[in-house]
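This chain uses plain numbering: 1 for the first residue, then up along the sequence. When reading the values below, keep in mind they use all heavy atoms of this one structure, side chains included, and skip hydrogens, waters and symmetry mates.
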Amino acid sequence: MDTATPPGSARLTFRDATDADAPALVALIESAYRGDSSRTGWTTEADLLEGQRTDEEGVRAVIDAPAGRLLAVERDGGLIACCQLEHRGDAAYFGMFAVRPDSQGGGLGKVIIAEAERTARESWGVAEMHMTVISAREDLIAWYERRGYRRTGQFTPFPYGDERFGIPQRDDLAFELLVKNIEAL
């Protein structure tokens with residue numbers, strides 16, 4: 001169990017998620033992005049997408065991926081956040097990032113992403129962190145830009161028709177690749 005505790009977050013515990021965590025992780029991710037509960041935080045996608053964001057099968061696939069990790073973040077023994085890290089050659093992919101809506105806006109996300117970058121760099125020796133963000137999420141992209149990520153202008157289409165990723169409420173959704181050099185952090 002990884003219990004790394006970054007500076008300024010004495011009450012946080014980072015550990016690799018297990019299959020037993022899948023139901024709680026799905027509930028966390030759904031609460032951060034979908035439905036009315038997500039509206040209490042600022043990461044909601046409720047106006048863009050309805051339906052599910054993920055399911056237990058998808059979460060378990062990330063947990064069990066041989067080239068990846070799903071970090072569970074706990075405070076005082078309770079799950080408050082998670083993020084996916086996947087080793088992809090010279091880069092790591094950062095995804096499935098969720099913070100409980102009632103814990104958003106206080107700097108927790110900054111601590112978690114910094115720990116994810118450190119973990120990827122130290123675990124795999126990667127020089128870059130990559131992620132994809134729905135391009136319509138200008139506020140979220142701006143948040144990542146303030147953390148040092150840059151827009152690439154490289155887009156992939158949203159998987160319209162695949163309800164495993166949600167039911168789009170607009171017809172212009174796409175993912176944009178964001179990249180950050182983490183080699184010298």
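Shown here for Pro101 and Ser31, the closest heavy-atom pair between the two residues is CG-O, 3.0 Å. Closest non-hydrogen pair, Trp124 versus Ala67, comes out as CZ2-O, 3.8 Å. A pairwise comparison of heavy atoms in Gly51 and Glu30 identifies O-OE1, 4.0 Å as the closest pair.
In this structure, Asp171 has no salt bridge (charged side-chain N to carboxylate O under 4.0 Å, His left out) partners at least two apart in sequence or on a different chain. Among residues two or more places apart in sequence or in another chain, the ring-ring contact (aromatic ring centres under 6.0 Å, His included) test is passed with Tyr33 by none. Residues that satisfy the ring-ring contact (aromatic ring centres under 6.0 Å, His included) test with His130, not counting sequence neighbours, are absent from this structure. Listed by chain and number, the residues in a side-chain contact (heavy atoms from CB on, under 4.5 Å) with Arg150 are Glu128, Thr152, Val179 (sequence neighbours excluded). Partners of Asp102 under the salt bridge (charged side-chain N to carboxylate O under 4.0 Å, His left out) rule, at least two apart in sequence or in another chain, are Arg100.
Using a 4.5 Å cut-off between side-chain heavy atoms of Ile, Leu, Val, Met, Phe, Trp and Tyr, with links allowed through other members, Phe158 and Leu140 fall into different hydrophobic clusters. Leu48 and Ile29 are not part of a single hydrophobic cluster, where members link through side-chain heavy atoms under 4.5 Å apart. Under the 4.5 Å side-chain contact rule for hydrophobic residues, Val111 and Tyr144 share a cluster.
No side-chain heavy atom of Ile112 sits less than 4.5 Å from a side-chain heavy atom of Leu71. Residues Phe175 and Pro159 are in side-chain contact: their nearest non-hydrogen atoms beyond the backbone lie under 4.5 Å apart. Side-chain contact between Val59 and Asp21: absent, with no pair of heavy atoms (C-beta onward) separated by less than 4.5 Å. Residues Lys180 and Ile113 form no side-chain contact, since every pair of their non-hydrogen atoms from C-beta on lies 4.5 Å or further apart. You'll find the side chain of Gln169 reaches within 4.5 Å of the side chain of Ile167, heavy atoms only. Considering only heavy atoms from C-beta on, Ile182 stays 4.5 Å or farther from Phe94 through its side chain. Between Arg151 and Leu178, some side-chain heavy-atom pair lies under the 4.5 Å cut-off. Residues Val62 and Thr54 fail the side-chain proximity criterion, which asks for heavy atoms closer than 4.5 Å.
Side-chain atoms of Arg69 and Thr119 form no donor-acceptor pair, as typed in the model, at a separation below 3.5 Å.
The ring pair (Phe, Tyr, Trp, His ring centres under 6.0 Å) pairs that include a residue from residues 49-74 number zero, where partners must be two or more places apart or lie in different chains.
No donor-acceptor pair closer than 3.5 Å links the side chain of Tyr149 to the backbone N or O of Trp143. A distance-only check finds no donor-acceptor pair linking the side chain of Arg88 to the backbone of Tyr93 [under 3.5 Å]. Of the possible donor and acceptor atoms, none in the side chain of Glu163 sits under 3.5 Å from a partner among the backbone N and O of Gly161.
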Please lay out, stage by stage, how Arg118 and Glu122 fare under the test salt bridge (charged side-chain N to carboxylate O under 4.0 Å, His left out). CA-CA 6 Å; Arg118 185 199 65 76; Glu122 291 182 6; 2.4 Å; yes

